[in-house]
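One structure below.
All figures in this text were calculated on a predicted structure; none of them were measured in a lab.
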Amino acid sequence: MRNLTIEPLTKEAFAPFGDVIETEGSEFFLINNGSTRRYHKLATVETAAPEDQAIISIFAAEALEMPLVIRMLERHPLGSQAFIPLLGHPFLVVVAPPGDAPVPGHVRAFISNGRQGVNYHRGVWHHPVLTIEKRDEFLVVDRSGSGNNCDEYFFTEDQQLLLDPQRKST
């Protein structure tokens, strides 16, 4: 079983999978008579059909026991999905490039600094939300509309990966 190395979440490293939603290093302009910085269009909501809608939800998540065996990934072929932490806690992100099935050798793991969110592009394979804290909350922006927008892929036993936040990267 391959151990996943957990990388810091950066815009450059995460670009093949989506957008990092953060203000640090992002351009802004002033609004409200100069009292507010607007960090404009940090991510784009993607939908597949004109009748689809972008929706906002809150996910209240509970931590999974670590180390975690990554047995499955999911993807949303009809729209993007963004997770923005509401409580400021770091969280883990496990992703693989779009394709018919995730390739175990291409799976990557990242850790948010707690002030960063992520926007998975359409079709990017990812693990369901992985909070580090016992309980955490996320603002989620994704697509609502007709059609199946969640595909799941389950790895065979020899393809499974190990995610261990206590393991130091080499």
Side-chain angles (χ1 to χ4, degrees), residues 1-22 25 42-48 52 57 59-85 89-145 147-170:
M1 183 176 307
R2 182 172 75 96
N3 285 300
L4 287 172
T5 301
I6 300 173
E7 307 171 49
L9 183 61
T10 65
K11 291 178 182 180
E12 297 77 23
F14 197 72
F17 312 105
D19 309 298
V20 174
I21 302 169
E22 66 180 335
L42 297 175
T44 302
V45 178
E46 299 173 337
T47 60
D52 291 346
S57 306
F59 285 17
E62 295 193 19
L64 300 175
E65 190 172 326
M66 296 287 171
L68 177 68
V69 176
I70 304 297
R71 292 181 167 87
M72 63 81 69
L73 296 178
E74 65 180 26
R75 69 176 175 182
H76 305 287
L78 302 179
S80 58
Q81 188 178 48
F83 286 82
I84 301 107
H89 301 302
F91 64 99
L92 297 167
V93 176
V94 174
V95 290
D100 291 337
V103 176
H106 296 166
V107 175
R108 293 175 67 185
F110 297 93
I111 186 166
S112 160
N113 64 18
R115 295 177 311 281
Q116 300 165 303
V118 295
N119 182 49
Y120 301 119
H121 287 173
R122 284 177 52 195
V124 166
W125 291 100
H126 61 278
H127 195 278
V129 66
L130 289 168
T131 180
I132 297 171
E133 294 294 318
K134 186 175 180 175
R135 289 185 182 86
D136 211 345
E137 292 185 0
F138 299 85
L139 182 79
V140 178
V141 180
D142 60 354
R143 170 223 175 254
S144 178
N148 177 30
N149 192 31
C150 186
D151 297 330
E152 296 179 332
Y153 181 86
F154 289 86
F155 293 114
T156 61
E157 191 171 335
D158 64 318
Q159 293 177 317
Q160 294 174 2
L161 305 157
L162 185 65
L163 180 66
D164 185 357
Q166 299 302 315
R167 186 174 174 271
K168 303 293 182 208
S169 57
T170 54

Result block: side-chain N/O donor-acceptor pairs under 3.5 angstrom for residues 99-111, not counting sequence neighbours:
unit_1, atom_1, unit_2, atom_2, d
Arg108, NE, Glu7, OE2, 3.0
Arg108, NH2, Glu7, OE1, 2.8
Arg108, NH2, Glu7, OE2, 3.4

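- Contact annotation: the side chain of Thr131 never approaches that of Glu137 to less than 4.5 Å [non-hydrogen atoms, C-beta and beyond].
- In this structure, the separation between CD1 on Ile70 and CG on Leu161 is 7.0 Å, given to the nearest 0.5 Å.
- Shown are Thr10, Leu42, Leu9; of these, the side chain to side chain contact (heavy atoms under 4.5 Å, CB included) with Val20 is made only by Leu9.
- To the nearest 0.5 angstrom, Thr5 atom OG1 is 11.0 Å from Asp164 atom CG.
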Going through the distances and angles, do Val93 and His126 end up as a side chain to side chain contact (heavy atoms under 4.5 Å, CB included)? CA-CA 7 Å; Val93 176; His126 61 278; 5.9 Å; no
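- Nearest heavy atoms, Ala96 versus Leu73: CB-CD1, 4.0 Å.
- Arg143 and Gly147 make their closest contact through NH1-O, 4.3 Å (heavy atoms, listed as atom of the first residue, atom of the second, distance).
- Across Asn149 and Gly79, no two heavy atoms sit closer than the pair OD1-N, 3.5 Å.
- Rounding to the nearest 0.5 Å gives a distance of 9.5 Å between CE of Met66 and CG of Leu162.
- A heavy-atom distance below 4.5 Å is not found between the side chains of Ser80 and Thr44.
- Summarising the geometry, atom CH2 belonging to Trp125 is positioned 5.5 Å from atom CG belonging to Asp151; distances are rounded to the nearest 0.5 Å.
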Evaluate the criterion side chain to side chain contact (heavy atoms under 4.5 Å, CB included) for residue pair Val140 and Gln81; output intermediate values, then yes/no. CA-CA 7 Å; Val140 178; Gln81 188 178 48; 4.1 Å; yes
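- Ring pair Tyr153/Phe155 is perpendicular by interplanar angle, where above 60° counts as perpendicular and below 30° as parallel.
- Minimum interatomic distance between Ser112 and Pro90 (heavy atoms only, all atoms of both residues): O-CB, 3.1 Å.
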Side chain to side chain contact (heavy atoms under 4.5 Å, CB included) between Phe17 and Val118, worked out: CA-CA 9 Å; Phe17 312 105; Val118 295; over 6 Å; no
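- The shortest side-chain heavy-atom distance between Leu92 and Ile132 falls under the 4.5 Å cut-off.
- In this structure, CD in Gln116 is found 9.0 Å from NZ in Lys11, a value given to the nearest 0.5 Å.
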Apply side chain to side chain contact (heavy atoms under 4.5 Å, CB included) to the pair Met1 and Val69, showing each step before the final yes or no. CA-CA 9 Å; Met1 183 176 307; Val69 176; 4.1 Å; yes
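- Proximity of Met72 to Pro128: side-chain heavy atoms (C-beta onward) are separated by under 4.5 Å at one or more points.
- Within the 4.5 Å cutoff, the side chain of His76 has heavy atoms near those of the Cys150 side chain.
- Contact annotation: the side chain of Val124 approaches that of Pro98 to within less than 4.5 Å [non-hydrogen atoms, C-beta and beyond].
- Under the 30°/60° scheme for interplanar angles, the aromatic rings of Phe91 and Phe138 are found to stand perpendicular.
- Gly114 and Pro85 get closest at one heavy-atom pair: O-CG, 3.5 Å.
- The backbone N or O of Val45 sits nowhere less than 3.5 Å from a side-chain atom of Asn119 that would complete a donor-acceptor pair.
- Taken from CZ in Phe83 to CG in Leu130, the straight-line distance is 9.5 Å, to the nearest 0.5 Å.
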